[in-house]
Engineer: 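To start, I am sharing the structure in question, which I have written as structure tokens.
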Amino acid sequence: MNGQTAIAVTGINLGENPQPGPGVVRSLREALGTSVRIVGLAYDAMDSSLYAPDLLDDAFLVPFPSAGPTAYLQRLLEIHAQVPLDAIIPCLDVELPVLVEISDALQSVGIRSCLPRREQLLDRSKARLTELAKRVGIDTPETHPILDDGSLAAMGDRLGYPYVLKGPYCDAEIVRGPGEAASIFARLATRWGLPLLAQRYVVGEEYDVVCLGDGEGGMPGAVAMRKTMLTRLGKAWGAVTIDDPELIAAARRVILSLRWRGGCEVELLRERGGHIHLIEINPRFPAWVYLATAAGVNLPLGLLRLALEGRAPSFTPARPGVFYVRHATETTGTLADVDALVTRGMRPSAPPPPIANITSQYTP
Amino acid sequence: MDTLRLDMLAVSETGFVFDPRTGHSYTVNATGLTVLNDLKRGEPLSTSLRRLQSEFDCPQTVTEDLLAFVEALHNYDLVDKTNPIEGAT
């Protein structure tokens, strides 16, 4: 490995619903240069970062977390046999329960991680948000679990319209009237499973804080931002860093209460007049994590240090007024790349071919 | 008038204004920039009114315009307009 630190990173698709992996990789590359070897773990041969130049050194397909901890561990050990890994940074919500379960087994073979504990994951879940918000002294919109059509029908009267219907892991849509409720319920339930959560709609501006928790109640770094451009799915396409001590303090209380270990995103909403609501806690870095790095707070680097050395660097406050606009572009590959990924589960550790070769004859 | 929030604003010489607490940005023209900088320095509106009248070719509605500008700042939650605008009316 030529003295390189090999880091496996998941969540590497930058599509309509962008994943955090590429932002994590860029942050690590910027800080560590060639001393880091990035191993991309993909769930699909068409995950965009597989073909992006300068992001990944190696790439492997892994089974979906729904395959279970045993299958997931087995695949990681196979990869470890080919590219000895020093650490893994999972970037998707659904991976975390599996990774938490196999983290000791991974640690025993030298693959370190910085993950929350199982109970921390549960305590920050949408179903327990009200309880957590009360504990940290922040309001949260009234929220109810929805398991079936019957409880869905009652929500309009109970919360009034509009209200927000959320998937158990991610995704949310605004329900503006009874006519929309059933179709949104069906769409979210099919995609994410039950229970869904119905949340009272609060008028205000949303602010997000990306945080790193040290597992002992400390928060070595955090950066707050306001979304400036949204996609049709409500995902941030552009954002700007801000300097709001109240939001950082609210995030700090959440991290302290949970004794959170690892990266996370605290979503807050500020009503006109300043009142803050806790909306959600995502248990991993958000897709916009590179904005924090650009503002001077490299949280993925901090997380890696926590995983490898047990302590994070001390960060200075982020620079406000740093913004990003996501830039969508095409990544290109050849059939040989897809062939390797689909049939062997890996892409040879070589950058994507130059564009001139893309049209060359496919010779398997 | 409580102008505490104005102190935090980053204001460029060309009139680009950024509020680091909320992430909102605004643009102001030359007259707006003059008033904004006066308010940031803690000057009363009467000073701004005199400055506008002496430095710009002001219309007769300048007083109303000044008050509308302050109202806009208030709507953006940048000033707490609790006191009467002494000398501006």
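None of these values were measured; they are calculated from a predicted model. Every chain is numbered from 1 and lettered A, B, ... according to where its sequence line falls, protein lines coming before strand lines.
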Engineer: Applying side-chain contact (heavy atoms from CB on, under 4.5 Å), can you list everything that pairs with Ala250(A), at least two apart in sequence or on another chain?
Structural biologist: Ile138(A), Leu268(A)
Engineer: Are there donor-acceptor pairs under 3.5 Å across chain B and chain A? List atom names and distances.
Structural biologist:
from: Pro20(B); atom 1: O; to: Asp243(A); atom 2: N; distance (Å): 2.5
from: Thr22(B); atom 1: O; to: Tyr207(A); atom 2: OH; distance (Å): 3.4
from: Thr22(B); atom 1: O; to: Arg226(A); atom 2: NE; distance (Å): 2.9
from: Gly23(B); atom 1: O; to: Arg226(A); atom 2: NH2; distance (Å): 3.1
from: His24(B); atom 1: ND1; to: Arg226(A); atom 2: NH2; distance (Å): 3.4
from: His24(B); atom 1: NE2; to: Glu205(A); atom 2: OE1; distance (Å): 2.7
from: His24(B); atom 1: NE2; to: Glu205(A); atom 2: OE2; distance (Å): 2.8
from: Asn75(B); atom 1: O; to: Arg272(A); atom 2: NH1; distance (Å): 2.9
from: Asn75(B); atom 1: O; to: Arg272(A); atom 2: NH2; distance (Å): 3.1

Engineer: I'd like to know whether CZ of Phe323(A) has more than 12 heavy-atom contacts from other residues, nucleotides or ligands below 6.0 angstrom.
Structural biologist: no
